[in-house]
Student: 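Quick one: the structure is below, questions incoming.
For the numbers below, each heavy atom of this structure counts, side chains included, while hydrogens, waters and symmetry mates do not. Labels below follow one simple rule: chain letters A, B, ... track the order of the sequence lines, proteins then strands, and each chain is numbered from 1.
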Amino acid sequence: MKVPQVVLFALDDWLGNQLRELVNEHCWLLREVRQLGAFAGQFAERRPSIAILQLDWRDVRPDLAEVVVRMAREHPEIAVVAVIDTKIPEDHQAEWTAALLDLGCSWVLYPPLTRALLEDLLSGWMTALTDRLRWPVAESAIDLASGNYEE
Amino acid sequence: MSTEPAPTEPTPKPRDLKWSTLFGRSRSAIFVLNSRRQLRYANAAWESATGASLAKLRGTQFSETRTSASPLWATLAPPREVWRGEAARVRRPAPGTETGPPWWDIAYMPLRGNGDLILGVVAVLEIFGTATPRGAAKLPTIFEQLRHRRAAEFTFDLLDGASPALQRLQAQLRWAAEQRVPTWLIGERGTGQETLAKVMHGAGRQRETRFVALECTGLQPYLLEGLLFGKGGLATGRSTGTLFLKNPASLPRDLQTRVAEWGTSANGPHLVSGSLNPVAHDVAVGRLIPRFQTELATLEVRIPPLRERLDELPRFLARIAPDRAAPSEAALKVLRSYSWPGNFHELASVWHDTWHRAAGSAMAPEHLPRYIRERFLIESSPNHPRPQPSLDTILESVERRMILLALAQCDGRQSDAAAKLGLVRARLARRMDALKIVWPPETES
């Protein structure tokens, strides 16, 4: 299996800086993408991947929402995390979370974002994804002559 | 103070109980459409709920497509299956609101005539929730458009298949979706549990609400608890229609209890769980609280793995990438020889990789990964061992052989053969009956 990767589409450098230490520690790849058009192209190779998309809830780009749907359709094995950049009134948060998860996101994060929270989330997701992509070995006949069998 | 009873409305005699009288007195908002999809009747409760007047709207035709109709008609329009004679229930945002609340919950009952003829439709409307104040964090319109487009991809057509097992699976899931029956899906990794849960959501009465799928494995409990039950968590809203939990046995028990409480509450979501094991197994080994077995797994369904559905491979491949050329017959033969332990995830991955290697042409065997081609060569080799027999089969054949040898050495005397085998004679006779051993062996004439 190839090295896991985190692909980030963010409005500024803050998120990338928060993740860099974790990514280096686990020897994952961190790809920061500035053009949304290039985002989906980062997942052509089969490897455990987390896609992080930062969005401004006051002005959601239609192409960004379309990327979420496309990712869910074409790469269901990839975790898509939506990061909302500014606070949403609490009574609307549930509605936004449900709507984004329904579109195909795997997780939604709201401020305040801390490094510990981001690290826990990414580590957890990467464990789940690595497990998901590790398929069991195809069945074979039992070979009585093999192994360290002792009666 | 007067002791006389308050005047009450005269009870109508049975002959006065026309349908319009009954509907007119009902507090439920009711409307009736004729076979030409025109509004023929609506009661006072309907006029009050919708703010529309029957006198002005009688005879107005409901549009075929929801997008081209007025907001009121779009919300009230029966789904297509109603015109095919099936009762249906839908929940839609109130007219003028793109997402709700408030929600309009409408139950449709077709009036069937002779044959396939639909004489009309009776519908009952209920309203849930209060409107969101203006200026709040409103969801963008694009979300709703994309959601409708995405939902259209998840229908029961995905489960089309000629086998009785698939047809039964489809019928069970359809019933569970319509009745909001808590469902436990068992299947190997990659068999499409989430896809089926989404199909169920699309077929249920809450199809206009949200489908939420949550991975429970690997994530720290506080993260899941925050998303579900924290400030502004999913449980604080009412927009989650179906909650699909992947492997809920991975959740800590206190979180399982909270999920169970939410799933069984009146406003809770329709809970669908996916697991590798039957619910009874997870409860028995102590990984799952018993409430999941008693209340949240009313229907338990096993999803067949891909290796049991290899005849349907061309359909699956067309579904994964409809715009790509179909694989050649030779490639299909190779694909069918493989056991697909990773199921649909593995199939999609192979199909995706192969497409790049094939550079746009139809998939041929040489484009397939080496391990799949090798498996095909081994399977098709004349020296390939037969499938591993079960342990029972092996033991039975050994027992048969031992009994036959003992009988042959004792010239067919069963008492001596039994002594040689360390058995009593009666037991030897029972084993000979069970294994259908005849002595002396019958010779072919």
Student: Under 4.5 Å, counting heavy-atom pairs only, tell me which of B:Gly232, B:Gly218, B:Ala213 racks up the most with chain A.
Tutor: B:Gly232
Student: So, taking the atom named CD1 in B:Ile142 and the one named CD in A:Glu66, what distance separates them when rounded to the nearest 0.5 Å?
Tutor: 5.0 Å
Student: Measuring from atom CZ of A:Arg73 to atom CZ of B:Arg149, what distance do you get when rounded to the nearest 0.5 angstrom?
Tutor: 10.5 Å
Student: Atom CZ of residue position B:Arg370 - does it have more than 12 heavy atoms of other residues, nucleotides or ligands inside 6.0 Å?
Tutor: no
Student: Counting only non-hydrogen atoms closer than 4.5 Å, does A:Leu109 touch chain B with its backbone (N, CA, C, O), its side chain (CB onward), both, or neither?
Tutor: neither
Student: Please check if atom CD in B:Glu374 has more than 12 non-hydrogen atoms from other residues, nucleotides or ligands closer than 6.0 Å.
Tutor: yes
Student: Counting heavy-atom pairs under 4.5 Å with chain A, which one of B:Thr217, B:Val212, B:Leu223 comes out on top?
Tutor: B:Leu223
Student: Which atom names give the shortest non-hydrogen contact between B:Ser239 and A:Ala98, and what distance separates them?
Tutor: OG-CB, 3.7 Å
Student: Output the distance between atom OG1 (B:Thr236) and atom NE2 (A:His92), rounded to the nearest 0.5 Å.
Tutor: 11.0 Å
Student: As an exercise, state the distance from CD of B:Glu346 to CD of A:Glu77, rounded to the nearest 0.5 Å.
Tutor: 12.5 Å
Student: What's the spacing between B:Leu234 CG and A:Trp96 CH2 if we round to 0.5 Å?
Tutor: 14.5 Å
Student: So which part of B:Thr195 gets closer than 4.5 Å to some heavy atom of chain A, the side chain, the backbone, both or neither?
Tutor: neither
Student: Given the options A:Pro76, A:Ala65, A:Cys105, A:Ser123, which has more heavy-atom pairs under 4.5 Å with chain B than any of the others?
Tutor: A:Ala65
Student: Just by distance, do the side chain of B:Arg150 and the backbone of A:Leu103 share a donor-acceptor pair under 3.5 Å?
Tutor: yes
Student: Top residue by heavy-atom pair count (under 4.5 Å) with chain B, among A:Ala79, A:Gly124, A:Ser106, A:Ala44?
Tutor: A:Gly124
Student: Under a 4.5 Å cut-off applied to non-hydrogen side-chain atoms, are A:Trp125 and B:Glu215 in contact?
Tutor: yes
Student: How far apart are the C-alpha atoms of A:Tyr110 and B:Leu227, what are their side-chain angles, what is the distance that settles it, and do they pass the side chain to side chain contact (heavy atoms under 4.5 Å, CB included) test?
Tutor: CA-CA 10 Å; A:Tyr110 296 95; B:Leu227 190 82; 6.0 Å; no
Student: Among A:Leu121, A:Asp120, A:Leu117, find the one that has a side-chain contact (heavy atoms from CB on, under 4.5 Å) with B:Gln220.
Tutor: A:Asp120
Student: Answer yes or no: does atom CZ of A:Arg70 have more than 12 heavy-atom neighbours from other residues, nucleotides or ligands under 6.0 Å?
Tutor: no
Student: Indicate yes or no: at least one non-hydrogen side-chain atom of B:Phe211 is less than 4.5 angstrom from one of A:Leu101.
Tutor: no
Student: Measure distances from B:Gln145 to the heavy atoms of chain A and classify the residue's part below 4.5 Å as side chain, backbone, both or neither.
Tutor: neither
Student: Heavy-atom distances under 4.5 Å only: say whether B:Leu228 touches chain A with side chain, backbone, both or neither.
Tutor: neither
Student: Going through the distances and angles, do A:Asp102 and B:Phe143 end up as a side chain to side chain contact (heavy atoms under 4.5 Å, CB included)?
Tutor: CA-CA 9 Å; A:Asp102 192 18; B:Phe143 280 16; over 6 Å; no
